[in-house]
Structure formats: structure tokens, C-alpha cells
Q: 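Handing you this structure, nothing more for now.
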Amino acid sequence: MPDLSAMLERGPVVCAEGYLFECERRGYLQAGAFVPEVVLDHPGVVEELHREFVHAGSDVVEAFTYYGHRQKLRVIGKEDILEPLNRQALSIAARVASETGTLLAGNLCNTNVYEPGTPAVGEAKAAFEEQVAWAAEAGADMIIAETFSWLGEALLALEAIQAAGLPAVVTFAVHREGTLRDEPSPAEACRQAEQAGAAVVGLNCIRGPRTMLPLLGRIREAVSCEVAALPVPYRTTEAEPSMQSLHDPGRGGAQAFPTALDPFTCTRHELGEFASEALALGVRYLGVCCGAAPHHIRAVAEAAGKTPPASRYSPDMTKHSFLGTDPGIVRAYQEYAGNL
Ligand SMILES: [Zn+2]
């Protein structure tokens, strides 16, 4: 049986996220409502994406139930598919995890209804409990509770996971303000999640490598458990630290989120560098969130010293017809490219 703590004791763990954006880009999921109906409509697409991410180095297969919760389904008038969608997502992920020997993760996420001191707290709690129950029945090895901008909401999710006796990875979403909505410090939020029993705490989504990295050192100092870092692969800046705040000068300064982020996409090298720097800080649960593609995941896995199956096809520019140095490359072509 794959076990998260045992894997982390052996070395870094890589987790691919970002199923929502990738299915949207491939034309199987609608931007806007962003509900993962693809799980029911085109299960083969989801299964293939799980396999691609494992091939690229993901140690975790995260069931695609992100935004597959009651509030989202109510918005599109399809609450009746809540349970079939969750069960199907879990069964697809379970098949890939068992065939590849990776960890099967259930998923809880921001409910988009939670507000402290309102009846929505009870609604969020009930939503977490039903999703955790389905994940536990599907044999999940762990649950990822992610993308929370409220500490209180994350703690509710964690409580549901703890009640099921499963290991929890809890990751917070830090928007442009640099704080959570009910807790000024991401490090303090992580500390409280650890105190409440999370196995791994950290950050996911919203921030690109450049604006997530500075937050990780403080989190590493604040907790004694393993720390997670799963940025979005976008070139966020100090002035525009979140993917939501990016504006594209090539389109008259239009907001890039969520369907026009392409010009901000990080290279695989930037993700590899991020992973190396995060590892140097002591972060050992690494991944990529919204916008992730397999080449990003492979770069993170290789920075963590792994050689996933996809590493067989990692670049070897020595054999390139113009840019290479292999004796088989024709000199005139090297000269033409200014490569001598
Ligand atoms: Zn994300």
C-alpha cells in the first residue's frame, strides 16, 4: 500500500494538480462555471491526463473532484450529478493509482460559500463530510484539501478528513494581498493546520513560482511537518503577484485570468529552478497547479532527483541539427546557426 509519510521519509513527493485548466484548454470543460463534468462526459480524457502526469513524475493521482461540490453543481442546475461525479472521479483516479503504484488522493477545495459566522459554515462542513466519505469508500490513501483562502474553511475540511482517519495535505491560496481572508499570516495558518493534525501544510495555486517562493521560508520555520508548494506556472511579479492580477500589455492591459494567461506561461526550466530553490528551503512536497502541463511536472520531478518514465525523452540538445555538438552534426549547419 503506498503511504504518504513513508514516501516523504524516502524523499521528495511530487503531485500534479491543475486538471481544471488543462481539461478546459483541451476543450472538455467550460471556463466560467468551471465544473468538472468532463469526469462523466469524457472519462477517458481525465484518465489519460492522470496517466500523463504520472508518466511525467507525479507520485500522486488526485481525483478530479475540484469544484465538483454542491455549490458549483447548484450554479449549473445539476446537483443531481454530485454523487455520480464524485464517485466516477475517484474510480478513474483509483484505477490509475493502482496500476501505477502511486498515491490515490481524494480532494476537497474552496467551497465559495464559506463565510465565518454564517449558516454557510454548516453548508461547507456538510459538503466536506460527504466528499470525504466518498473518497474513503473509494480507498483513498490521503486527502488533499486545497486552495483555501480562509483558514477557518481549511480547518473545517481538515476536521472532516481527520474524522475519516486519513492523512491530510492542507494547502492555502494566497491572493495578491499576501494574507488569508481571516488570518494575516500564511505561516500562522500553516502552523494552525499542523496543530490540527495535517500531515503536510503549505501553499497551492494563485501565485507563480516567483511570488510563492518568498513565502515558503517563513512557513518552513513555523511548522515541523512537511511543507507543500504547488505554484501556478505563470510569471507573476511583485506588482502582480497572483495569476488573477496579471494584465497583458500585448492585449491593451486586459486581465489575463483565466483564459488568456498563455503569454505568462513559465518554461519548464523556471519550474525546475523553483523546485530546486524550494527543496533548498526544506520543502519536500512539490507540484504545479492550474496551468500545469506534463513538461512542468517532469522538470519538478527531475529537480527532485527523480527519473520518471518521461525522462527517457528529456531534451538532449547535443543531437540538434543546428544547435548540437554531436560529431554527426553537419558543420555548415552549425555555422549557419552561429553555433561554432
Ligand atoms: Zn490551481
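Both counts, for ligands and for their atoms, begin at 1 and track the order of listing.
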Q: Under the ring-ring contact (aromatic ring centres under 6.0 Å, His included) test, which residues partner Trp150, sequence neighbours left out?
A: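 For Trp150, the residues satisfying ring-ring contact (aromatic ring centres under 6.0 Å, His included) (neighbours in sequence not counted) are Tyr114.
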Q: When you check the side-chain N and O atoms of Asn110 and Glu153, is any donor under 3.5 Å from an acceptor?
A: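 Asn110 vs Glu153: no donor-acceptor pair found between side chains.
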Q: Please tell me whether Leu216 and Leu8 are part of a single hydrophobic cluster in this structure, the criterion being side-chain heavy atoms less than 4.5 Å apart.
A: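 Leu216 does not cluster with Leu8.
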Q: So, Arg26 and Glu48, do they make that salt bridge, N to O below 4.0 Å?
A: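 Here Arg26 does not pair with Glu48 in a salt bridge, since their nearest N and O are not under 4.0 Å apart.
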Q: Would you mind counting protein N, O or S atoms that sit less than 2.8 Å from the Zn ion (ligand 1)?
A: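 Considering protein N, O and S only, the Zn ion (ligand 1) has 3 within range.
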Q: Taking salt bridge (Lys or Arg N to Asp or Glu O under 4.0 Å) as the cut-off, I'd like each qualifying pair that reaches into residues 292-310, sequence neighbours left out, listed once.
A: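 Passing the test, one end in residues 292-310: Asp59-Lys306.
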Q: Would you tabulate the side-chain donor-acceptor contacts of residues 333-340 under 3.5 Å, counting partners in other chains and residues two or more places apart, or write 'none'?
A:
| from | atom 1 | to | atom 2 | distance (Å) |
| --- | --- | --- | --- | --- |
| Gln334 | NE2 | Gly324 | O | 2.9 |
| Glu335 | OE2 | Arg331 | NE | 3.2 |
| Asn339 | ND2 | Phe322 | O | 3.0 |
| Asn339 | ND2 | Leu323 | O | 3.1 |
| Asn339 | ND2 | Gly324 | O | 3.0 |

